[in-house]
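Since we're looking at a predicted model, the values are computed, not measured.
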Amino acid sequence: MAANHISGGEQRDVIQAQSIGSVTFGGERGERAGAPQRYLQDPDRWPLARDWDALAAGAHRARPGKDGSKLPPYVARDIDEELRERVREAAEEGGLVLVVGDSTAGKTRAAFEAVRELLPEYRVLAPPVGARLRPAPETLEACGHLRCVVWLDDLEQYLGPEGLEPEVLAEFVRLRVPVVATMRLKPYETFSAGDDSGGGGAAQSWAGLGARILRTAEVVDLDRLWSEGELARAGDCDDSRVADAVVHHGTYGIAEYMAAGPAVMQEWRRARRACGHARGAALVTAAVDLSRSGLRGPYSRGLLVEVHERCLADGRLGAAAGGP
């Protein structure tokens with residue numbers, strides 16, 4: 001830990017960022033040691049689970065629906081029954097429930113729906129990344145009139161010193177406060193392999209803390225690709241976004257397909273800006289134009305080069321990259 005001099009001469013404690021494998025964690029803890037954490041102030045204003053927003057919880061945005069909604073209806077997943085049982089047990093006895101899966105598998109939405117359904121009257125404590133978690137149990141104990149659930153989306157960002165340490169989790173368990181979290185598969189595997197013997201330097205020590213946490217978790221695995229039952233339930237949904245995903249998802253999961261669309265469209269639009277990647281945007285525009293013309297792919301390199309040069313030359317890039 002090191003002191004960081006900032007404007008005005010004030011010193012704050014800083015945790016130096018560390019990397020384990022492909023996972024980087026740590027970073028500045030935004031308050032002085034011993035100072036009250038802003039996220040812990042005024043617990044009565046923490047959102048009730050029943051009123052909480054899935055996007056605020058970390059769910060991926062889909063394209064807007066016909067009614068303007070930013071998320072499609074939730075399609076039940078095969079893990080829902082197991083996940084709800086784990087959340088129910090954690091609410092009664094305390095403990096960590098962790099949903100693990102690939103990016104955009106639907107982890108956050110599944111966990112969010114379970115919390116909202118089972119714990120509607122609970123206040124949701126969702127610390128910002130980099131917040132010190134050690135003061136949280138004391139705050140929760142002091143406001144004993146409130147029932148709370150701790151929400152840690154992308155758990156790997158909260159592991160390590162001053163984060164969700166084993167002692168902090170033990171305090172949540174003592175208070176019978178459920179902790180619900182999500183984690184991508186790769187970081188889960190990285191931290192699970194950590195050595196908690198205490199040797200090997202700072203990074204290994206931090207990995208060991210994460211490994212100890214994960215060994216106490218009730219882990220629920222969520223597959224990226226949807227099962228036949230899940231696809232059947234999605235097929236019964238009358239939302240156009242879900243229906244399109246069922247028809248066109250191909251080798252991708254339904255949640256993955258719906259989450260990727262808006263992100264790709266946004267990247268395409270940004271690429272056409274002066275400081276973007278005009279040629280890349282033109283190549284995408286060329287492929288879209290060819291598809292709209294009714295010509296089936298795959299398209300030859302020569303054809304794409306020819307069409308994309310015309311897009312660059314005739315000024316249509318901005319209009320075409322604006323979307324359908």
Hey, could you give me each pair passing side-chain hydrogen bond (donor to acceptor under 3.5 Å, both in side chains) that has a residue in residues 45-55? Not counting sequence neighbours. R50-E121
Provide the full list of side-chain hydrogen bond (donor to acceptor under 3.5 Å, both in side chains) pairs with a residue in residues 105-114, sequence neighbours left out, each pair given once. T108-D153, R109-E113, E113-R116
Closer than 3.5 angstrom, by distance alone: can the side chain of [X] be matched with the main-chain N or O of [Y] as a donor-acceptor pair?
| X | Y | answer |
| --- | --- | --- |
| E230 | D78 | yes |
| Y39 | R132 | yes |
| D80 | R77 | yes |
| Y158 | P127 | yes |
| T182 | V99 | no |
| D154 | E156 | no |

Mark yes when over 12 heavy atoms from residues, nucleotides or ligands other than [X] sit less than 6.0 Å from its [atom1]; otherwise mark no.
| X | atom1 | value |
| --- | --- | --- |
| E138 | CD | no |
| E89 | CD | yes |
| R174 | CZ | yes |

Taking the side chain as C-beta and beyond, is there a heavy-atom pair between [X] and [Y] under 4.5 Å?
| X | Y | answer |
| --- | --- | --- |
| E165 | R134 | yes |
| L98 | L214 | yes |
| L48 | V124 | no |

Between R176 and E92, does any NZ, NE, NH1 or NH2 come within less than 4.0 Å of an OD or OE carboxylate oxygen? no
Any pair counted as ring-ring contact (aromatic ring centres under 6.0 Å, His included), so long as it reaches residues 82-104, sequence neighbours left out: none
From the list L152, L159, V219, side chain to side chain contact (heavy atoms under 4.5 Å, CB included) with M183 holds only for L159
Could you check whether R241 and S69, counting side-chain N and O atoms only, form a donor-acceptor pair closer than 3.5 Å? yes
Indicate the atoms forming the closest heavy-atom contact of D239 with P72, along with that distance. OD1-CB, 3.8 Å
